[in-house]
2 protein chains.
Amino acid sequence: MAWLVGAGGEEVDALSLRHALLALLEAGSMTGYELAKQFDNSVDYVWHARHSQIYPELRRLESAGLVRATDVPRGSKELATKRAYGLTREGAAELRRWITEIEAPPALRDSAYVKATYLEYGSAREAREQFRAHRAYHEQLRDRFERHVDLLERRATTLLRRRLAAAPPQAHEAIVAYKVHVYRGLIERAKTEIAWAERGIELVGRLADADPDGFSATDPILWPAPEREHSRTSSSVGRD
Amino acid sequence: MAWLVGAGGEEVDALSLRHALLALLEAGSMTGYELAKQFDNSVDYVWHARHSQIYPELRRLESAGLVRATDVPRGSKELATKRAYGLTREGAAELRRWITEIEAPPALRDSAYVKATYLEYGSAREAREQFRAHRAYHEQLRDRFERHVDLLERRATTLLRRRLAAAPPQAHEAIVAYKVHVYRGLIERAKTEIAWAERGIELVGRLADADPDGFSATDPILWPAPEREHSRTSSSVGRD
DNA sequence: TTACTCATGTAAGTAGTTACATGATTCC
DNA sequence: GGAATCATGTAACTACTTACATGAGTAA
């Protein structure tokens with residue numbers, strides 16, 4: 001694992017699950033389960049991960065020396081134990097390194113948009129359904145993000161409270177402000193998607209008016225290809 | 001592979017690379033290489049894939065019966081061959097099925113946004129750099145998409161020309177319009193990101209004015225965790 | 001006693017990445 | 001003769017998903 005090298009080798013990967021976990025632990029030590037729960041109503045909105053991914057990742061962080069774990073007894077009878085994770089100095093340093101690192105964003109991979117590119121293969125009704133589903137989904141997201149902004153502004157999440165309690169008072173404004181900025185950004189994103197879907201619905205209407213029968217596309221080009229062009233010799237691939 | 005079942009089993013996955021390839025083949029038969037090239041300046045904007053992924057995927061599509069391949073001689077001496085792929089009836093049907101299928105969008109996983117959530121760990125300068133990089137990246141994307149919309153509107157890409165040549169004239173408007181709608185949507189998206197980054201830069205400025213020294217965050221909570229619950233004494237910040 | 005939450009995982013499989021491998025053909 | 005590009009891949013690895021497994025503690 002490239003990011004494990006460090007200390008001389010300095011070949012480091014950027015991976016958000018790791019750093020999201022480190023960031024959560026900045027607010028104080030937690031067990032894997034607690035961490036997973038906190039994850040679910042904070043970072044999970046921007047970086048989704050299943051619990052089954054979080055546990056092994058914590059083990060990896062531990063063996064990389066970025067977190068340290070202790071077995072803590074559970075329950076009154078103390079028959080069972082749980083593992084409490086805490087940041088190490090190296091973990092805190094890695095978190096700060098990651099914050100300052102400029103990452104190349106991953107290439108786009110958006111299924112809804114590739115589908116929309118080929119909507120002419122479906123009927124007007126089907127195209128409309130796609131846009132409607134897109135709108136409904138992003139309306140949900142928008143509402144969820146709005147509720148979250150409200151919680152953050154009222155400093156009403158347990159995680160935020162823990163973090164603020166551990167931070168110097170003059171830092172409180174920044175801590176809240178960056179988080180609010182992120183979720184407001186997500187609200188704007190959602191609104192952009194909703195507007196796109198609505199323009200899509202209008203487009204479907206205009207196209208259906210212009211050509212009521214639509215493009216039923218009953219005549220796909222099957223294999224073997226019919227001779228469309230004479231002299232199939234110099235198939236021009238290049239330049240666009 | 002669930003999507004391979006079909007014909008009775010009917011357990012089908014939604015995966016865009018497959019369907020993007022099928023969609024490209026609607027415009028006519030192509031070799032793997034030609035397909036990969038066309039991919040690069042069309043679908044790749046919305047669904048990125050490397051060539052090393054495309055070739056095996058074509059083989060899988062072939063063994064699933066969605067495309068059919070023939071060996072075609074290459075060059076004047078005809079010593080080598082290439083494989084030309086074409087849609088089968090099943091492939092065309094699967095493409096249409098996919099268009100009408102409503103997919104659940106994947107959960108969000110956005111590294112830039114999780115990083116922005118924790119920008120208080122860096123300096124104002126570092127925070128600004130993050131937002132500037134974000135803006136620069138999306139300005140590039142916006143420009144690229146604008147150029148692509150222009151090409152589409154002028155019907156100037158080889159792929160679009162081939163597709164239009166193979167489609168009934170009354171369908172031409174819809175074919176172009178959906179593609180333009182997608183790329184205009186991507187332009188709006190990019191603009192939303194640019195605006196977010198700019199508001200971010202303003203925010204950094206306001207926070208720096210309010211607290212010129214910033215939150216240097218020299219005091220992370222390390223392992224073992226101090227007793228948080230009661231008597232939160234700052235003296236007991238952990239040393240490992 | 002039952003059901004739920006706490007708590008921690010493993011196994012098998014898919015999708016994608018990076019890096020490498022190989023040889024033919026065409027154009028200058 | 002050499003460079004670019006045509007053409008088709010393989011191998012090793014990472015991240016993530018789905019589904020399953022197990023058992024303790026707690027409240028009705």
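Chain identifiers are assigned alphabetically (A, B, ...) following the order of the sequence lines, protein sequences preceding nucleic acid strands; residue numbering begins at 1 within each chain.
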- Task: Measure the distance from CG on A:Leu15 to P on C:dG16 and round it to the nearest whole Å.
- Result: 16 Å
- Message: Under the salt bridge (Lys or Arg N to Asp or Glu O under 4.0 Å) definition, can you give me all pairs with a residue in residues 135-145 of chain A, not counting sequence neighbours?
- Response: A:Arg135-A:Glu198
- Is any side-chain N or O of A:Lys37 closer than 4.0 Å to OP1 or OP2 of C:dC6? yes
- Message: Let's see if you get this right: which residues in residues 45-53 of chain A place a heavy atom under 4.0 Å from DNA chain D?
- Response: A:Trp47, A:His48, A:Arg50, A:Ser52, A:Gln53
- Item | Whole-Å distance separating the CD1 atom of A:Ile54 from the C1' atom of D:dA15 | 14 Å
- Item | Partner set under side-chain contact (heavy atoms from CB on, under 4.5 Å) for B:Gln130, not counting sequence neighbours | A:Ile102, B:Lys115, B:Leu119
- Item | d(CD, B:Glu57; P, D:dG9) in whole Å | 13 Å
- Message: Output the rounded distance in Å from NZ (A:Lys82) to P (D:dG23).
- Response: 20 Å
- Of the candidates D:dT5, C:dT8, D:dG23, the side chain of A:Arg74 sits closest to D:dG23
- A:Arg59 has a side chain; which of D:dG25, C:dT5, C:dG9 sits nearest to it? C:dG9
- May I ask you to verify if any side-chain N or O of A:Arg83 is less than 4.0 angstrom from the OP1 or OP2 atom of C:dC6? no
- Item | Atom pair distance, as rounded to whole Å: CG in A:Leu61 and C1' in D:dA15 | 14 Å
- Round to a whole Å and report the spacing from CE of B:Met30 to C1' of D:dA7. 16 Å
- Note: for B:Ala107 and B:Pro56 on DNA chain D, the residue whose nearest nucleotide lies more 5' is B:Pro56
- State which residues pass side chain to side chain donor-acceptor pair (under 3.5 Å) with A:Asp150; sequence neighbours excluded, sorted by chain then number. A:Arg154
- Message: Let's see if you can work this out: which of D:dC16, D:dA15, D:dG9 has an atom nearest to the side-chain heavy atoms of A:Leu17?
- Response: D:dC16
- Who are the salt bridge (Lys or Arg N to Asp or Glu O under 4.0 Å) partners of B:Glu146, not counting sequence neighbours? none
- Under 4.0 Å between a side-chain N or O of B:Tyr55 and OP1 or OP2 of D:dT8? yes
- Message: Between B:Arg18 and B:Glu57 (salt bridge meaning N to carboxylate O under 4.0 Å), is one present in this structure?
- Response: yes
- Item | C:dT8 phosphate, OP1 or OP2, under 4.0 Å from A:Tyr33 side-chain N/O | no
- Query: Could you state the CZ-P distance from B:Phe39 to D:dC6, rounded to the nearest angstrom?
  - Reply: 18 Å
- Could you pull out all residues at least two apart from A:Glu62 that satisfy side-chain contact (heavy atoms from CB on, under 4.5 Å)? A:Arg59, A:Val67, A:Ala69, A:Arg83, A:Tyr85
- Query: In terms of the nearest nucleotide of DNA chain D, which residue is placed more toward the 5' end: B:Gly32 or B:Arg109?
  - Reply: B:Gly32
- Salt bridge flag under 4.0 Å for residues B:Glu126 and A:Arg96: no
- Does the side chain of A:Arg60 get closer than 4.0 angstrom to OP1 or OP2 of D:dT14 through an N or O atom? no
